[in-house]
Every structure is written in C-alpha cells, then in structure tokens.
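Since the structure comes first, as structure tokens, the remarks are kept for the end.
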Amino acid sequence: MKMPRRDGELLQIMDAEFARAAKVAGEHLVCRKGCTACCYGAFGISQLDAARLRMAMMEMREARPELASEIERRAKKWIAENGVEFPGSLTTGLLGESDEERARFEEYANDAACPALNLETGLCDVYEARPMTCRVFVPPV
C-alpha cells in the first residue's frame, strides 16, 4: 500500500500550523500530550485518514506486533459494544447518507474511547497517523 505522494506534505503543514497555534496560545491551549478530550466519541474520518491508519497498522504489525494486536483487540471490543447502533454500514464503515442517519451519528457512541487511546498512559497509540479530526480538534489551524 502506498500513500498519495503529497500526504506527507499535508501532514507537515498541519503539524506546523498546530505548533504555531500552540505557541501563540501558550498555557491557554488545553490540547497537549496526555490530554484525551478529542479521544472520546465517534467521529468521521476521510478515506485518506483511513488509508493512513491502515498503513500505520500494517507497519506496526511488523515492528510492534503486540501493540498492533492490542489496538485491534480494543477496536473489536469497540465494535462489539457500539456497532449495533452505528447509523451506516458496519461492513464498509461508511456513515449513512440520510438526514436521520447523520442526525443519529451526532449522538452515537459519545462516551466511547477511541480504540487507539491507551487508557493507562492517556496517549494515542497511532499518534503519527492520527486522522485530521484529531489534528485540528482544539486550535484554530
């Protein structure tokens, strides 16, 4: 699997803007290592985010198989606990397109921790590959 050529450039731009926003905000920026406010609740991700996460998990299975297995275990548990209420396709992971399904998604799994969140450390186990939603959660990028 190969990522689009400019994905790395996009991530560099986003990370640089986040760093700039963090510098300007100083102590007022709540988001920092160990903060988990954006790690709860279901949220949509793009196809590019999904591809980046698949690539990261493939690499992790090679380099850190025990961690990859743990994340996969948490993901399966998350689906078992929350999947039945998903307003879309569990097979594809795509959100339904009707107004009702989109409205239901707003209230869907709001208290569930992301499977990538390590609850013991408060850190994201796929931080470098995290979706854009996670990258722009708090600061005005």
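Because the structure is predicted, anything quoted here is derived from the model rather than measured.
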Heavy-atom check, side chain of [X] versus side chain of [Y], under 4.5 Å:
X	Y	result
D125	R74	yes
L48	L10	yes
F43	C134	yes

Which heavy-atom pair separates L94 from F86 by the least distance, and what is that distance? O-CE2, 3.5 Å
Salt-bridge present (K76, E72; N to O < 4.0 Å): no
Does D99 come within less than 4.0 Å of R102, counting only side-chain N to carboxylate O? no
Rounded distance [0.5 Å steps], [atom1] in [X] versus [atom2] in [Y]:
X	Y	atom1	atom2	result
D49	R54	CG	CZ	10.5 Å
L90	I79	CG	CD1	7.0 Å
C124	L117	SG	CG	7.5 Å

In the single-linkage hydrophobic clustering (I, L, V, M, F, W, Y; side-chain heavy atoms under 4.5 Å), do [X] and [Y] co-cluster?
X	Y	result
F105	I45	no
I71	W78	no
M55	V126	no

Test item: R135 side-chain N/O and M132 main-chain N/O as donor-acceptor pair under 3.5 Å: no
Would you say the side-chain atoms of T133 pair up with the backbone N or O of G44, donor to acceptor, closer than 3.5 Å? yes
Result block: side-chain N/O donor-acceptor pairs under 3.5 angstrom for residues 107-115, not counting sequence neighbours:
unit_1, atom_1, unit_2, atom_2, d
Y108, OH, N82, O, 2.7
N110, ND2, E106, O, 3.3

Dump the intermediate steps for side chain to side chain donor-acceptor pair (under 3.5 Å) on E101 and S98, then the final yes or no. CA-CA 5 Å; E101 289 168 314; S98 74; 3.0 Å; yes
How about CD on E66, more than 12 heavy atoms from neighbouring residues, nucleotides or ligands closer than 6.0 Å, or not? yes
Decide if atom CZ of R64 counts as having more than 12 heavy atoms of other residues, nucleotides or ligands within a radius under 6.0 Å. no
Check the pair L11, R52 against side chain to side chain contact (heavy atoms under 4.5 Å, CB included), reporting the backbone distance first and the verdict last. CA-CA 11 Å; L11 297 181; R52 192 179 306 111; 3.6 Å; yes
Do we get R130 above Y127's six-membered ring, with its NZ or CZ under 6.0 Å from the centre and within 45° of the axis? yes
Walk me through it: do V136 and E17 pass the test side chain to side chain contact (heavy atoms under 4.5 Å, CB included)? CA-CA 9 Å; V136 300; E17 283 302 305; over 6 Å; no
